[in-house]
Amino acid sequence: MPEAPLICSETASRVSSVLHRDAKQFGKKHMFDGSEETCWSSDQTVQVSRLQLQFQGGFACRLCTLEGCRKGEELVKILDFYPDDVHALQSFPVQGATLDRLRITFARSTDFFGRIVVYHLSVLGEKL
């Protein structure tokens, strides 16, 4: 089966902060709406094969961690990956990750104040 997006606007998600605390204009619902004009847990088992990320240059993440688990289990680290500080879409392969829950942690910002700006985030794979 070909890769397909596993996250959509109906997928349950959490974010740690929202610009100016203005959730109506910049809230998490905009993270996965598919629109380039907006910026900012699923009840299904998925096989994740690839992550795609696009940061604003200068506000990227130097270290990202993908964690995941099956229902009833604790999160475990699956992958550390190291994006470049560029505006281009970047792709990271994921090997053998069958999950019911996942978490991506952004650490080590390239910005002096620790800000990270994500323009695009896709989790690709298969729904099982």
Side-chain angles (χ1 to χ4, degrees):
M1 252 187 189
E3 288 181 333
L6 298 173
I7 297 177
C8 62
S9 59
E10 288 82 36
T11 302
S13 61
R14 292 188 314 183
V15 297
S16 61
S17 64
V18 174
L19 183 64
H20 305 300
R21 296 187 178 129
D22 185 353
K24 185 174 183 178
Q25 185 174 357
F26 302 111
K28 67 180 181 179
K29 67 184 177 212
H30 299 297
M31 177 74 92
F32 307 112
D33 66 1
S35 172
E36 292 185 10
E37 298 301 315
T38 58
C39 53
W40 45 101
S41 133
S42 177
D43 272 345
Q44 58 193 4
T45 302
V46 296
Q47 177 76 39
V48 178
S49 59
R50 180 173 313 280
L51 296 175
Q52 291 182 327
L53 284 162
Q54 181 181 15
F55 297 100
Q56 178 177 329
F59 297 90
C61 180
R62 296 179 199 269
L63 168 64
C64 299
T65 301
L66 172 65
E67 297 172 287
C69 64
R70 302 294 304 264
K71 284 183 183 170
E73 297 176 358
E74 294 293 317
L75 288 169
V76 295
K77 184 185 340 183
I78 296 168
L79 172 70
D80 283 332
F81 55 101
Y82 305 88
D84 294 323
D85 185 9
V86 296
H87 185 72
L89 183 65
Q90 300 177 63
S91 186
F92 303 93
V94 178
Q95 299 289 326
T98 301
L99 309 170
D100 293 301
R101 182 175 164 212
L102 67 86
R103 174 170 58 193
I104 301 170
T105 304
F106 301 103
R108 296 191 203 157
S109 171
T110 59
D111 175 60
F112 179 76
F113 296 103
R115 298 170 291 189
I116 296 172
V117 178
V118 178
Y119 282 129
H120 178 87
L121 170 64
S122 289
V123 180
L124 303 173
E126 292 180 57
K127 296 178 183 178
L128 302 178

Report task. Please round to the nearest 0.5 Å and tell me the distance separating atom CG of Leu79 and atom CD of Gln95. Result -> 9.5 Å
Query - salt bridge (charged side-chain N to carboxylate O under 4.0 Å, His left out) involving Arg70 - partner list, sequence neighbours excluded - result: Asp100
Query raised in the report: Who pairs with Arg50 by salt bridge (charged side-chain N to carboxylate O under 4.0 Å, His left out), at least two apart in sequence or on another chain?
Result: Glu3
Requested in this report: For residues Leu53 and Phe106, determine if any side-chain heavy atom of one lies less than 4.5 Å from a side-chain heavy atom of the other.
Outcome: yes
Query raised in the report: Are the side chains of Ser109 and Ile116 in touch, meaning some heavy atoms are under 4.5 Å apart?
Result: yes
Query - salt bridge (charged side-chain N to carboxylate O under 4.0 Å, His left out) against Asp111, all qualifying residues, sequence neighbours excluded - result: Arg115
Query raised in the report: Any side-chain heavy atom of His120 sitting closer than 4.5 Å to one from Gln52?
Result: yes
**Report entry** Pair Leu99-Thr45, side-chain contact (heavy atoms from CB on, under 4.5 Å): steps then yes or no
**Finding:** CA-CA 5 Å; Leu99 309 170; Thr45 302; over 6 Å; no
Requested in this report: For a side chain to side chain contact (heavy atoms under 4.5 Å, CB included) with Gln54, tell me which candidate from Leu121, Val118, Leu89, Val86 qualifies.
Outcome: Leu89
Requested in this report: Using the ring-ring contact (aromatic ring centres under 6.0 Å, His included) rule, collect all pairs that involve residues 60-89, keeping only residues at least two apart or in two chains.
Outcome: Phe81-Phe92, His87-Tyr119
Cut-off 3.5 Å, no hydrogens considered: what does the side-chain donor-acceptor table look like for residues 59-69, sequence neighbours left out?
| unit_1 | atom_1 | unit_2 | atom_2 | d |
| --- | --- | --- | --- | --- |
| Thr65 | OG1 | Asp80 | OD1 | 2.8 |
| Glu67 | OE1 | Arg103 | NE | 2.9 |
| Glu67 | OE1 | Arg103 | NH2 | 3.1 |

Requested in this report: Please tell me if the side chains of Leu102 and Val123 come closer than 4.5 Å, counting only heavy atoms from C-beta onward.
Outcome: yes
Requested in this report: Check whether any side-chain heavy atom of Phe55 sits under 4.5 Å from a side-chain heavy atom of Val117, and report yes or no.
Outcome: no
**Report entry** Remaining members of hydrophobic cluster (4.5 Å side-chain criterion), Phe112
**Finding:** Phe113
**Report entry** Contacts of type side chain to side chain donor-acceptor pair (under 3.5 Å), residue Thr98, not counting sequence neighbours
**Finding:** Gln47
